[in-house]
Participant: 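Sending over a structure as structure tokens; questions will come in a sec.
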Amino acid sequence: MSRIFITGSTDGLGLAAARTLMKEGHDVVLHARSRERASALADISPTALGIVIGDLASTTETRSIAEQVNAIGRMDAVIHNAGIYLERSRGETPDGHAKTLAVNVLAPYLLTAWITRPDRLVYLTSGMHRSGSSALDDIDWKRRPWSASQAYSESKLYIATLAAAIARHWPDVLSNAVDPGWVPTKMGGAGAPDDLEMGHLTQTWLASSDEGAAKVSGGYWYHRQRREAAAEVTDTGFQDGLVEKLGELTDVRVFAESG
């Protein structure tokens with residue numbers, strides 16, 4: 001049985017993944033943005049390995065999340081599930097970043113750097129990543145007029161690219177990106193047409209299965225099938241440019257060879 005940490009596990013796909021993994025006998029560490037949000041986990045928290053608290057929009061709190069996870073012990077897998085969708089404005093985090101970028105990209109990037117390296121990493125992306133721009137000069141939306149859908153699409157392009165970059169740089173880690181589909185969660189809305197169960201079963205499978213098909217790296221997945229991602233995702237030049245930009249924005253380098 002595996003020890004697995006899931007970000008954003010108080011509702012939606014994260015909670016569904018946690019329930020599934022716990023039912024299968026895995027040790028799951030849950031995450032909530034606040035103590036108030038953690039109360040939503042009252043029915044499963046007694047059997048969880050632990051609950052960590054922290055707001056992914058804050059670098060300080062993201063660091064605390066990593067420290068809380070590391071204090072519990074080394075994870076076998078981390079599922080980077082947490083994300084936000086259509087923000088009405090750029091917003092500004094305590095560190096001055098656009099909130100969509102901070103939560104959807106910078107936080108998983110920092111957690112990847114700060115959490116003791118697991119055997120498997122799973123990053124949730126979206127089919128909307130194909131609409132993301134490959135220009136990296138203003139990923140923090142400081143000059144462009146705000147577009148909520150474009151910011152979301154770009155964040156999902158970046159996270160899929162990060163997953164592929166990790167697969168390339170860390171051959172000892174299985175790193176994959178998952179498109180859960182447009183599923184009926186709080187984020188997706190009640191009318192979303194995709195299968196909620198298949199939406200979370202891909203990431204639980206990649207995080208824990210001993211099947212040979214699940215023990216691969218560098219994939220872009222949809223409903224347990226490998227799909228072709230946007231060309232930028234597997235472009236090593238784009239990967240390196242993105243990782244360099246994320247390092248500049250956070251002052252944290254995931255890969256030693258990036259400086």
Participant: Can a salt bridge be assigned to the pair D140 and K245 using a cut-off of 4.0 Å between side-chain N and carboxylate O?
Facilitator: no
Participant: Do R19 and D43 make a side-chain contact, defined as non-hydrogen atoms from C-beta onward lying under 4.5 Å apart?
Facilitator: yes
Participant: With no hydrogens and no angle check, is any side-chain donor or acceptor of N176 less than 3.5 Å from a backbone partner on V122?
Facilitator: no
Participant: So do the side chains of M128 and K156 get within less than 4.5 Å of each other, counting heavy atoms only?
Facilitator: no
Participant: Do Y158 and H129 make the cut of ring centroids closer than 6.0 angstrom?
Facilitator: no
Participant: Taking the side chain as every heavy atom from C-beta outward, state whether I115 and N70 have any atom pair closer than 4.5 Å.
Facilitator: yes
Participant: State whether a side-chain donor-acceptor pair under 3.5 Å links S126 with D179.
Facilitator: no
Participant: W114: what forms a ring pair (Phe, Tyr, Trp, His ring centres under 6.0 Å) with it, not counting sequence neighbours?
Facilitator: none
Participant: With a 4.5 Å cut-off on side-chain heavy-atom distances among I, L, V, M, F, W and Y, is there a chain of contacts connecting L157 to Y220?
Facilitator: no
Participant: Is the shortest side-chain heavy-atom distance between V29 and I51 below 4.5 Å?
Facilitator: no
Participant: Could you check whether R117 makes a cation-pi contact with W170, meaning its NZ or CZ is under 6.0 Å from the centre of the six-membered ring and within 45° of the ring axis?
Facilitator: yes
Participant: With distance as the sole test, does H31 use its side chain to make a donor-acceptor pair with the main-chain N or O of G54 at under 3.5 Å?
Facilitator: yes
Participant: With a cut-off of 6.0 Å (strictly less than), are more than 12 heavy atoms of other residues, nucleotides or ligands near CG of D172?
Facilitator: yes
Participant: Heavy-atom distance under 4.5 Å between the side chains of V69 and M75, does that happen here?
Facilitator: yes
Participant: State which residues pass ring pair (Phe, Tyr, Trp, His ring centres under 6.0 Å) with F238; sequence neighbours excluded, sorted by chain then number.
Facilitator: none
Participant: Step by step, work out the side chain to side chain contact (heavy atoms under 4.5 Å, CB included) result for I6 and L30.
Facilitator: CA-CA 6 Å; I6 308 172; L30 306 165; 5.6 Å; no
Participant: Is the side chain of R90 donor-acceptor paired with the backbone N or O of K99 at a distance under 3.5 Å, no angle test?
Facilitator: no
Participant: How about N81 and T7: does a side-chain donor come under 3.5 Å of a side-chain acceptor?
Facilitator: no
Participant: Using the rule that two of Ile, Leu, Val, Met, Phe, Trp, Tyr join whenever any of their side-chain heavy atoms come within less than 4.5 Å, decide whether Y152 and W146 are in one cluster.
Facilitator: no
Participant: Is a side-chain N or O of S209 found less than 3.5 angstrom from the main chain of L206, in a donor-acceptor match?
Facilitator: no
Participant: Can you hop from Y109 to L249 via hydrophobic side chains spaced under 4.5 Å?
Facilitator: yes
Participant: Establish, from distance only, whether the side-chain atoms of Y123 and T112 form a donor-acceptor pair under 3.5 Å.
Facilitator: yes
Participant: Does the pair L162 and V105 meet the rule for a side chain to side chain contact (heavy atoms under 4.5 Å, CB included), with working shown?
Facilitator: CA-CA 9 Å; L162 178 63; V105 186; 5.7 Å; no
Participant: Do any N or O atoms from the side chain of Q239 and from the backbone of V233 form a donor-acceptor pair under 3.5 angstrom?
Facilitator: yes
Participant: Any salt bridge linking R33 with D55? Criterion: basic side-chain nitrogen under 4.0 Å from a carboxylate oxygen.
Facilitator: no
Participant: Any carboxylate oxygen within less than 4.0 angstrom of a Lys/Arg side-chain nitrogen, looking at R253 and E244?
Facilitator: yes
Participant: Do L15 and L13 share a hydrophobic cluster, counting only Ile, Leu, Val, Met, Phe, Trp and Tyr and linking them when any side-chain heavy atoms are less than 4.5 Å apart?
Facilitator: yes
Participant: Is any side-chain heavy atom of D137 closer than 4.5 Å to one of R143?
Facilitator: yes
Participant: When you compare the side chain of L174 with that of K215, does any pair of heavy atoms fall below 4.5 Å?
Facilitator: yes
Participant: Output yes when a side-chain donor or acceptor of D76 lies under 3.5 Å from a complementary backbone atom of I4, and no otherwise.
Facilitator: no
Participant: Taking only residues two or more places apart in sequence, or in another chain, which ones meet E36 in a side-chain hydrogen bond (donor to acceptor under 3.5 Å, both in side chains)?
Facilitator: S34
Participant: Go through the steps for V254 and H169 under the test side chain to side chain contact (heavy atoms under 4.5 Å, CB included), then give the verdict.
Facilitator: CA-CA 10 Å; V254 168; H169 284 272; over 6 Å; no
Participant: Within a strict 4.5 Å, meaning less than it, do heavy atoms of the L86 and S149 side chains meet?
Facilitator: yes
Participant: In plain terms, say whether R144 and E154 are close enough for a salt bridge, that is, a side-chain N and a carboxylate O under 4.0 Å apart.
Facilitator: yes
Participant: Quick check against the 3.5 Å criterion: does R224 have a side-chain atom that pairs as donor or acceptor with the backbone of A214?
Facilitator: no
Participant: For residues R74 and T116, is any side-chain donor paired with an opposing acceptor at under 3.5 Å?
Facilitator: no
Participant: Could D240 and R168 be called an ion pair, given the rule that one side-chain N must be under 4.0 Å from one carboxylate O?
Facilitator: yes
Participant: Mind running side chain to side chain donor-acceptor pair (under 3.5 Å) on W205 and E211 for me, showing each step along the way?
Facilitator: CA-CA 9 Å; W205 178 68; E211 293 178 27; 3.3 Å; yes
Participant: Applying a strict under-4.5 Å side-chain criterion to I, L, V, M, F, W and Y, I'd like to know whether W141 and L136 cluster together.
Facilitator: no
Participant: If we ignore angles and hydrogens, is there a donor and acceptor under 3.5 Å between the side chains of E24 and T20?
Facilitator: no
Participant: I'd like to know if the side chain of T100 and the backbone of A151 have a donor-acceptor N/O pair within less than 3.5 Å.
Facilitator: no
Participant: Going by side-chain contact (heavy atoms from CB on, under 4.5 Å), L21 matches just one of S2, S208, S9. Which one?
Facilitator: S208
